[in-house]
A.B. asks: 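Sending over a structure as structure tokens; questions will come in a sec.
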Number of protein chains: 2
Amino acid sequence: MTELEHYITSYFGVVNNDDLQTIVSLFKVEKVTKGMFLLHTGNRCEQLSFVQTGLLRIFVSTPEKEVTQWISTKGNFSTDLASFVFGVPARWTIQALIDTQLYTISKADYQKIGELVPSWHELEKLFIARCFVMLEDRIFSHLSMSAEERYQLFFENNKALFQQVPLHYIASMLGMTPETISRIRKKQLL
Amino acid sequence: MTELEHYITSYFGVVNNDDLQTIVSLFKVEKVTKGMFLLHTGNRCEQLSFVQTGLLRIFVSTPEKEVTQWISTKGNFSTDLASFVFGVPARWTIQALIDTQLYTISKADYQKIGELVPSWHELEKLFIARCFVMLEDRIFSHLSMSAEERYQLFFENNKALFQQVPLHYIASMLGMTPETISRIRKKQLL
DNA sequence: ATAATTTCTTGATATTTGTCAAGATGAAAT
DNA sequence: ATTTCATCTTGACAAATATCAAGAAATTAT
């Protein structure tokens, strides 16, 4: 099974092989260099991508500060789901933190799958439901955990990321300041 | 258009009338009295409901505290989506805060719609995508707003709720303590 | 290699939010 | 009507987190 096949089955669920090949064939390899934008806030999001190598940052600039919503690493997908599904202006900006290689499908091709693969809408549903569950976990972490606990949990599951991206991006996506993370780290050396 | 028809179209999207009638026919009116549980954490969630009148609280008890995830009011739906869709044990407990009347569909009937209404899985996808967007907004509020701002925003949009449910439930779902809300309120009288 | 820039850490301090305890208020039960 | 219980508010205090500023370390550009 290729990487892309693996990503698709793990997010969308199991498909028979013919359908999987149909789906895979509509994805294209896309290379973006460090700093390049895949999407700007306010534009329509016309694609969905899986990260093959590299890193993407999903964020939005508000008058007060820049809010990083997520950093997509190998195997993650990346899109502005609301914009991609409903065609509304995107909330998020997506930018490559380093040179990044993607498997990308355009919205047009994505919609085409619906005609080619009978069970597609059901798979889509499962995909979005998985996304929903991830966000639900995150909400729960904000309702029930301290900054320190949120940091710990994230660190355990994403150790490598801390060697790759500036700390303030991670801090932002966890809802705290970089200084807070620094202090948590210091405390834990003792 | 009946209330239920309205709820369905607003969450799932527009359906032709025959399909809408098919869908509506599978919902049953359910009455629960104050304090009754619709779901317990750890059980499988076997139904999805729309609140016609009354109030439901969605929460989970952790060793340290009780975390209220949401309070469903008239027109809201209520279910443990992860459990309902994937059949995993429910994270949430759902309890009626007051006598409540629901439009409820069982999981079996819900799945039956897939066979009766061709576009059903696509509608489901849209439904879950809308749920996703709501959670995304909430995540954003935790990443970018103070407790006071989160309270303000919620209060503006849900004034009536404050006359109906204990403050500590609302505080919990906003990720703060009831004392914090009390103080925010006091400050705003000045 | 050096300079320039960004990132990370640290300290001092301020602000926000939480905790605990007590009293006040209001609702429900007897 | 009285009691009981839960809720809400308030104060005093503590803890968590943010802010600001400075310096150290690391990275990037020249």
Side-chain angles (χ1 to χ4, degrees), chain A residues 33-36 54-55 57 59 61-68 71 95-99 141-155 158-190, chain B residues 33-36 54-55 57 59 61-68 71 95-99 141-155 158-190:
Chain A
T33 55
K34 178 174 175 172
M36 261 186 62
L55 294 169
R57 183 168 72 105
F59 68 99
S61 296
T62 74
E64 306 84 39
K65 56 181 168 183
E66 205 178 84
V67 177
T68 295
I71 292 165
Q95 186 178 24
L97 287 175
I98 57 179
D99 291 357
S141 79
H142 283 278
L143 299 186
S144 66
M145 293 160 78
S146 66
E148 184 166 349
E149 291 167 322
R150 290 201 305 281
Y151 166 81
Q152 272 311 322
L153 181 62
F154 186 80
F155 180 71
N158 301 275
K159 285 201 168 76
L161 198 59
F162 288 78
Q163 268 70 59
Q164 300 173 280
V165 310
L167 194 61
H168 62 272
Y169 293 157
I170 296 176
S172 176
M173 81 186 251
L174 293 175
M176 62 191 77
T177 63
E179 291 95 330
T180 295
I181 291 189
S182 263
R183 294 195 175 95
I184 291 169
R185 283 170 157 177
K186 189 183 179 187
K187 202 164 118 191
Q188 296 186 342
L189 295 177
L190 312 177
Chain B
T33 55
K34 178 174 175 170
M36 260 186 64
L55 294 169
R57 183 168 72 105
F59 69 98
S61 296
T62 73
E64 306 83 41
K65 56 182 169 182
E66 205 178 85
V67 176
T68 295
I71 293 165
Q95 185 178 26
L97 287 175
I98 57 178
D99 290 358
S141 79
H142 283 278
L143 300 186
S144 66
M145 295 161 77
S146 66
E148 183 166 350
E149 290 168 324
R150 290 201 305 281
Y151 166 80
Q152 272 312 321
L153 182 63
F154 186 81
F155 179 71
N158 300 275
K159 284 201 168 75
L161 199 59
F162 289 78
Q163 267 71 59
Q164 299 175 281
V165 311
L167 194 59
H168 62 272
Y169 294 157
I170 296 176
S172 176
M173 81 186 253
L174 293 174
M176 62 191 76
T177 61
E179 290 95 331
T180 294
I181 292 189
S182 263
R183 294 196 176 96
I184 291 170
R185 283 169 157 177
K186 189 184 180 187
K187 201 164 119 191
Q188 296 183 343
L189 294 176
L190 310 179

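As the structure is a computational prediction, the values presented were derived from the model and not from experiment.
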A.B. asks: Calculate the interatomic distance between A:Q164 atom CD and C:dT6 atom P; express it in whole Å.
C.D. replies: 21 Å
A.B. asks: Check every atom of D:dA18, C:dG18, D:dC8 against the side chain of B:M176 and return the nucleotide holding the closest atom.
C.D. replies: C:dG18
A.B. asks: Does A:S146 have a side-chain nitrogen or oxygen under 4.0 Å from the phosphate oxygens OP1 or OP2 of D:dA16?
C.D. replies: no
A.B. asks: Please determine, by modelled atom types, if A:R57 and A:T68 share a side-chain donor-acceptor pair under 3.5 angstrom.
C.D. replies: yes
A.B. asks: Can you find a pair of side-chain heavy atoms, one from B:K187 and one from B:I184, that are under 4.5 Å apart?
C.D. replies: no
A.B. asks: OP1 or OP2 of D:dC8 sitting under 4.0 Å from any side-chain N/O of B:S182?
C.D. replies: no
A.B. asks: What nucleotide among D:dT17, C:dT17, C:dC8 has an atom nearest to a side-chain atom of B:T180?
C.D. replies: C:dT17
A.B. asks: Is the side chain of B:Q188 donor-acceptor paired with the backbone N or O of B:R185 at a distance under 3.5 Å, no angle test?
C.D. replies: no
A.B. asks: Using a cut-off of strictly less than 4.0 Å, decide whether B:K186 has a side-chain nitrogen or oxygen near OP1 or OP2 of D:dC8.
C.D. replies: no
A.B. asks: Calculate the interatomic distance between B:M145 atom CE and D:dA18 atom P; express it in whole Å.
C.D. replies: 16 Å
A.B. asks: Under 3.5 Å, is there an N or O donor on one side and an acceptor on the other linking the side chain of A:R183 and the base of D:dT19?
C.D. replies: yes
A.B. asks: Without decimals, in angstroms, what is the distance between B:I184 CD1 and D:dC8 P?
C.D. replies: 15 Å
A.B. asks: B:L97 CG to C:dA27 C1': how many Å, rounded?
C.D. replies: 16 Å
A.B. asks: Taking atom P of C:dT6 as reference, at what distance in whole Å does atom CD of A:E66 sit?
C.D. replies: 13 Å
A.B. asks: Can you check whether A:M145's main-chain N or O pairs, donor with acceptor, with A:R150's side chain at less than 3.5 Å?
C.D. replies: yes
A.B. asks: Kindly compute the distance separating CD (A:Q95) from CG (A:L97), expressed to the nearest 0.5 Å.
C.D. replies: 7.0 Å
A.B. asks: Which nucleotide in the set D:dC8, C:dT7, D:dT19 lies at the smallest distance from any side-chain heavy atom of A:P166?
C.D. replies: C:dT7
A.B. asks: Measure distances between side-chain N and O atoms of B:E179 and base N and O atoms of C:dC20, and say whether any donor-acceptor pair falls under 3.5 Å.
C.D. replies: yes
A.B. asks: Starting at NE2 of B:H168 and ending at P of C:dT17, how long is that distance when rounded to a whole Å?
C.D. replies: 21 Å
A.B. asks: Starting at CZ of A:R150 and ending at P of D:dT17, how long is that distance when rounded to a whole Å?
C.D. replies: 7 Å
A.B. asks: Check the distance between C:dA27's P and B:Q163's CD and give it to me in whole angstrom.
C.D. replies: 11 Å
